[in-house]
Trainee: 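Got a structure here, written out as structure tokens. Questions coming.
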Amino acid sequence: MEHLMALQCICCGRQYTPAEVEYTCPACGVRGILEVLYDYKRIAADFSKETLTANPDRSIWRYRPLLPVEPSSPVPSLHVGNSPLYPVDRLRVALGMSRLWVKDDGRNPTASLKDRASAVGIVKALECGAQVVTCASTGNAAASWAGMAASLGLPCTIFVPKTAPQGKLAQLLIFGATVFPVEGTYDDAFALAIQATARFGWYNRNTAYNPYLVEGKKTVALELAEQMNWQVPDVVFVPVGDGCILSGVFKGFVDLLSLGWIERIPTIIGVQSEGSRVLEMAWRTHSPLSFAPSSTVADSIAAGMPANGEMALRDLYRWDGRMVAVPDAEILAAMRLLGEKTGIFAEPAAAASLAGLRAALKRGWVREDQTIVLLVTGNGLKDVGSALSTVTMPNPIAPTLEAVEKALLDQTETRSSSKPTFGSSESVQRP
Ligand SMILES: *Cc1c(COP(=O)(O)O)cnc(C)c1O
Ligand SMILES: [Zn+2]
């Protein structure tokens with residue numbers, strides 16, 4: 001991997017070669033998250049916008065010269081990436097905006113953005129001869145890890161909080177993973193997976209612990225920039241749990257800036273739930289990350305101690321990013337608004353980006369005439385329970401036209417008496 005310069009610890013700055021370390025900095029322990037540094041000069045020697053345009057591969061592997069894998073390593077057959085970037089006119093008009101886009105990463109093979117990270121992670125697992133792979137996850141990372149492992153025939157062991165939504169558990173079991181539902185939180189499952197990795201010699205995909213996941217996640221930014229013909233948007237909204245997608249989005253744009261393919265880094269706004277806002281709190285108060293129990297309907301962004309928190313904070317300060325926290329009620333309302341105005345079905349965490357945009361508009365952090373992109377990170381079918389909690393299930397009717405007419409009449413009456421709302425300004429937290 002001559003295009004890779006080093007793995008650098010974000011705590012102490014020590015540098016390592018990929019052969020020297022597998023996960024975190026030996027001197028700093030789990031806090032010593034490693035960042036992949038590239039030799040952009042070398043990469044630019046045979047990677048250009050032109051070679052990219054000529055490449056018929058639409059998956060994330062079209063960006064392979066910017067990924068931390070051996071040029072000849074086999075990759076999983078599941079098609080990851082090339083998620084659509086939609087102009088969403090009806091949503092745009094509803095919000096009174098000029099230029100609004102939604103990038104729907106729920107369109108990945110296991111229906112979340114996590115596939116981008118898992119695809120790169122599984123190639124690293126194969127490169128180091130792993131026999132069994134493992135991870136802890138709130139659900140989506142595990143589902144995508146299990147899917148990638150199944151596509152390559154690697155046994156997979158998963159630790160999830162036992163409260164993970166059924167859809168995500170179903171994916172794990174259908175992919176044939178060995179599943180340990182943990183009586184505890186995501187943070188408990190995370191620690192347990194690391195212990196099991198040390199004990200049993202498995203290959204671990206825990207977020208931030210494994211240095212290669214940010215590299216997979218950054219492909220969403222590379223792709224977005226390419227889809228926008230290298231004219232980056234003004235603002236990108238990103239749902240945030242561990243902060244790995246957030247750092248991935250920054251990293252993708254930093255890569256492109258380093259190559260001279262784009263002129264600036266967009267303003268990145270990370271969105272958390274008020275019930276899981278450790279990163280938002282640390283950023284807003286300029287204080288160290290400090291654990292707080294998480295409780296939110298957006299299970300994919302529930303993290304009591306964001307695993308990639310240090311790197312995410314560094315990126316936010318370095319590139320003038322921002323964080324906003326929104327109440328669960330607004331996340332659920334955003335899920336409905338997105339569905340009704342675009343036909344895109346997001347899981348709660350994925351709809352948080354829209355809730356974040358609403359909050360940012362109210363605060364004057366973004367203007368209606370800016371070019372805005374919302375990242376939708378996971379599909380709503382993963383968590384049907386949350387979706388159903390925001391709607392009213394209609395009563396069954398007799399199979400007659402009269403019954404339809406009566407039902408239509410009843411509906412008109414209820415519609416006019418209860419208009420769906422999008423939260424109130426009182427519930428929006430002020431900085
Ligand atoms: C994992 C996940 C997130 C948050 O990503 P982090 O890297 O943990 O910040 C957001 N949305 C969905 C759907 C996810 O699965
Ligand atoms: Zn270190």
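Atoms within each ligand, like the ligands themselves, are counted from 1 in listed order. No experiment lies behind these values; they were computed from the predicted model shown. Throughout, numbering of the chain's residues begins at 1 and tracks the sequence. All heavy atoms count here, side chains included; hydrogens, waters and symmetry mates do not.
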Trainee: Please state which protein non-hydrogen atom is closest to atom 8 (O) of ligand 1 and give its distance, to 0.1 Å?
Mentor: D242 N, 2.8 Å

Trainee: In ligand 1, which numbered atoms sit nearer than 4.0 Å to a non-hydrogen atom of K217?
Mentor: 7 (O)

Trainee: Against heavy atoms of G378, which atoms of ligand 1 measure under 4.0 Å?
Mentor: 13 (C)

Trainee: For ligand 1, find out whether one of its N or O atoms is nearer than 3.5 Å to an N or O atom of A350.
Mentor: no

Trainee: How close does the nearest protein non-hydrogen atom get to atom 12 (C) of ligand 1, and which residue and atom is it?
Mentor: T377 OG1, 3.2 Å

Trainee: Which option, I245, V271, L375, L213, owns the non-hydrogen atom nearest atom 7 (O) of ligand 1?
Mentor: I245

Trainee: Any atoms of ligand 1 less than 4.0 Å from a non-hydrogen atom of A349? List them with their elements.
Mentor: 11 (N)

Trainee: Quick one: are S144 and N108 in side-chain contact, heavy atoms under 4.5 Å?
Mentor: no

Trainee: Out of I10, L246, L279, N308, which one pairs with L313 under the side-chain contact (heavy atoms from CB on, under 4.5 Å) rule?
Mentor: L279

Trainee: Y203 vs W145 aromatic rings, parallel, tilted or perpendicular, using cut-offs 30° and 60°?
Mentor: tilted

Trainee: With heavy-atom distances below 4.0 Å as the criterion, list the atoms of ligand 1 near C244.
Mentor: 6 (P), 7 (O), 9 (O)

Trainee: For V240, counting its heavy atoms only, list the atoms of ligand 1 lying under 4.0 Å from any of them.
Mentor: 9 (O)

Trainee: Is there a ring-ring contact (aromatic ring centres under 6.0 Å, His included) between F47 and W261 once you walk through the steps?
Mentor: CA-CA 11 Å; F47 185 53; W261 292 14; 5.1 Å; yes

Trainee: Would you please test R264 and D234 for salt bridge (charged side-chain N to carboxylate O under 4.0 Å, His left out) and show each step?
Mentor: CA-CA 9 Å; R264 58 186 171 84; D234 296 310; 3.5 Å; yes

Trainee: Non-hydrogen atoms of I301 versus ligand 1: any pair closer than 4.0 Å?
Mentor: yes

Trainee: Between R42 and E2, is there a side-chain N and carboxylate O pair less than 4.0 Å apart?
Mentor: yes

Trainee: So which of G139, G241, S137, G248 gets nearest to atom 4 (C) of ligand 1, if we judge by its closest heavy atom?
Mentor: G241

Trainee: Quickly, which of R116, K218, K217 forms a salt bridge (Lys or Arg N to Asp or Glu O under 4.0 Å) with E223? Name it, please.
Mentor: R116

Trainee: Give a rough value, rounded to 10 degrees, for the angle at the Zn ion (ligand 2) between atoms SG of C12 and SG of C28.
Mentor: 110°

Trainee: Look at the aromatic rings of Y186 and F190 and report parallel, tilted or perpendicular, splitting at 30° and 60°.
Mentor: perpendicular

Trainee: Roughly how far apart are M281 CE and S290 OG, rounded to 0.5 Å?
Mentor: 7.5 Å

Trainee: Give the numbers and elements of all ligand 1 atoms closer than 4.0 Å to a heavy atom of N140.
Mentor: 13 (C), 14 (C), 15 (O)

Trainee: Could you name the option among Q272, K168, K114 that has the heavy atom nearest to atom 3 (C) of ligand 1?
Mentor: K114

